[in-house]
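Throughout, numbering of the chain's residues begins at 1 and tracks the sequence.
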Amino acid sequence: MSAIPALTFPKLPDANTVVQSLDSLVMFQIRGRVASVTGDAVTVQGMTAPLGALCELMPPNAKPTLARVIGFDGTRPILAPMEAITQLAAGDRVRLVSNSMSLRVGASLCGRVIDAFGRPIDGRPLSEDLTRVDVSHHSPDSLSRPPIDEPLQTGVRAIDAMLTCGIGQRMGIFAGSGVGKSTLLGMITRGTNADRVVIAMVGERGREVNEFIQKSLGEEGLKKSVVVVATSDRPAAQRLSAAMTATSIAEQFRDEGHNVLLLVDSVTRFAMAQRELGLAAGEPPTTRGYPPSVFNMLPQLVERAGRTQKGSITAFYTVLVEGDDHNEPIADAVRGLLDGHIVLNRRLAHRGHFPPIDIPQSVSRLQNHLVTPEIGQAVMQIREHMVQYENSEDLISIGAYRSGTDPRIDSAIAMRDPINLLLRQSSEERTPLDQAQQVIVALANSPPPTVASP
């Protein structure tokens, strides 16, 4: 007798998801016409639509193009195209598609590369067991967030030992261009003990996407990751939506009870995309050309991460500082919204110190709640040695300092090489969290090597 094949039943969405999907549907046709096009802004007449709604621009001899409502000119909606426009003229038809944007999410999405709409771009169709969810969510209520009291392993010794991050914490990685942000993100992805990883590549160069997936992320890292891509040549509305899409996927995994690691590279390009949309909608430029909506959107993005009663989202947001100025508007605003910041130093990168994390300039605001007093004391001692050497580096490098003049400087000189040996790490190397913390305690408690007098 032949074996009866196992039956697989489709997974039904929960009632709340069904209600949200029905609320976003447009039960009748709402149409209008293109009135004018100014830059990336398309003004529509003859119809109305809510803010954030999706519409289709329908040129007569071209493929329909999705656009999103970003504002109003009187009673006329202003749309921002989410795809490249090939042909568009005044009087072309416009159709309301949905009152909000949605996408399909599920466990089988891991290992896939998708765009800002949730469509696969890796050449394979999506699985049928995915659940449709709305992209726009509110952040969890502040009083419903449990305290962050458990450390997250990243596999990077400099972070786990000196800048311990907690499950549900939000950290920023601040660096100029070409310092090593993508390499560090790949190391964190491969070394983390999170259940799921969601990566948003916002405004990256097209060449870097495949390079990051194959080299920085690797086959092992991709297995538990979802990569959302919107390259720099995509319209601003699509680049903006990529970060929101990645956050929505992370939220769905969190609500299923997982500990999720969310990586957004970069939040600066997210802000630049919103700057384009805000200026196109008629907002006045303020600080360095950024309209007020940019500084309103940033907390709406980062506050959606964190820990809830069901699961957690630990988020790392990269910030591309202009001209290595860490006090420029976006860097300054994001630093005030997050629970800590990791600064990558170009000078360390030029010395071959990788990852080039500037420990004295970096901080994890929750570290004291995540480590034992012994580890905390060891971290402070190592920081003191690093700051002492940094303050006296000019005298030491030109030979103006004589050994024995200041015992604190002598200790800093003696400890410099052991500290650098701890903080340096190849991109393929991974260190467990407890091992990294044991090394830092042993290093702080060991007598400093003696330095021969010149």
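In this structure, the side chain of Asn210 does not engage the main chain of Arg207 through any donor-acceptor pair within 3.5 Å. Distance alone, capped at 3.5 Å, is enough to place a donor-acceptor pair between the Arg383 side chain and the Ile359 backbone. At least one donor-acceptor pair under 3.5 Å links the side chain of Thr245 to the backbone N or O of Ala116. Side-chain atoms of Gln45 do not come within 3.5 Å of backbone N or O of Arg76 as any donor-acceptor pair. Although no hydrogens or angles enter the test, the distance criterion places a donor-acceptor pair under 3.5 Å between the side chain of Ser144 and the main chain of Asp141. Side-chain atoms of Arg307 come within 3.5 Å of backbone N or O of Pro147 as a donor-acceptor pair. For the pair Ser362 (side chain) and Ile342 (backbone), a donor-acceptor distance under 3.5 Å is absent. No donor-acceptor distance shorter than 3.5 angstrom exists from the side chain of Ser312 to the backbone of Ile167, with no hydrogens or angles considered.
Between Leu433 and Gln153, the closest heavy-atom pair is N-OE1, 3.1 Å. Residues Pro291 and Leu279 share a closest heavy-atom pair of CG-N, 4.4 Å. Scanning both residues, Pro355 and Val156, for their nearest heavy atoms gives CG-CG1, 4.0 Å.
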Should Ile70 and Leu79 be marked as a side chain to side chain contact (heavy atoms under 4.5 Å, CB included) after you check the CA-CA gap, both sets of side-chain angles, and the distance that decides it? CA-CA 6 Å; Ile70 60 171; Leu79 309 183; over 6 Å; no
Audit row: Leu298, Val334, side chain to side chain contact (heavy atoms under 4.5 Å, CB included) steps and yes/no: CA-CA 7 Å; Leu298 289 174; Val334 173; 4.1 Å; yes
Evaluate side-chain hydrogen bond (donor to acceptor under 3.5 Å, both in side chains) for Asp134 paired with Ser102, printing each intermediate quantity in order. CA-CA 4 Å; Asp134 195 82; Ser102 63; 5.8 Å; no
Would Asp195 and Phe253 count as a side chain to side chain contact (heavy atoms under 4.5 Å, CB included) here? Give the steps. CA-CA 9 Å; Asp195 304 323; Phe253 287 152; over 6 Å; no
Run the side chain to side chain contact (heavy atoms under 4.5 Å, CB included) check on Thr75 and Thr48 step by step: do they pass? CA-CA 7 Å; Thr75 59; Thr48 186; over 6 Å; no
Walk me through whether Glu283 and Arg275 qualify under salt bridge (charged side-chain N to carboxylate O under 4.0 Å, His left out). CA-CA 9 Å; Glu283 285 190 74; Arg275 175 172 63 182; over 6 Å; no
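Every residue two or more places apart in sequence or in another chain was checked for a salt bridge (Lys or Arg N to Asp or Glu O under 4.0 Å) with Asp358, and none qualifies.
The OG1 atom of Thr247 sits 13.5 Å away from the CD atom of Gln252 when rounded to the nearest 0.5 Å. Between the CG atom in Asn259 and the CD1 atom in Ile313 there is a gap of 10.5 Å [rounded to 0.5 Å]. In this structure, CD1 on Ile78 lies 12.5 Å from CG on Asp40, to the nearest 0.5 angstrom. One distance of note links CD1 of Ile330 with CE of Met272; it measures 8.0 Å at 0.5 Å rounding. Here the straight-line distance linking atom CG of Leu54 with atom CZ of Phe117 works out to 7.5 Å at 0.5 Å rounding.
Using the six-membered ring where Trp is involved, His341 and Phe174 have ring planes that are perpendicular, over 60° apart on the 30 and 60° scheme.
One finds a salt bridge joining Arg157 and Glu429 here, because a Lys/Arg side-chain nitrogen approaches an Asp/Glu carboxylate oxygen to under 4.0 Å. A salt bridge is absent between Arg196 and Glu256: the closest approach of a Lys/Arg side-chain nitrogen to an acidic carboxylate oxygen does not fall below 4.0 angstrom. Using a cutoff of 4.0 Å between basic side-chain nitrogens and carboxylate oxygens, Asp339 and Arg170 are scored as salt-bridged.
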Can you give each donor-acceptor pair under 3.5 Å made by side-chain atoms of residues 105-112, sequence neighbours left out, with the distance rounded to 0.1 Å?
from   : atom 1 : to     : atom 2 : distance (Å)
Ser108 : OG     : Asp129 : OD1    : 2.8
Arg112 : NE     : Asp122 : OD2    : 2.8
Arg112 : NH1    : Pro125 : O      : 3.0
Arg112 : NH2    : Asp122 : OD1    : 2.8
Arg112 : NH2    : Arg124 : O      : 2.5

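Here the rule is side-chain contact (heavy atoms from CB on, under 4.5 Å) with Thr65, and of Glu83, Met58, Glu56, Met82 only Glu83 fits it.
Side-chain contact, Ser139 with Gln300: no donor N or O sits under 3.5 Å from an acceptor N or O.
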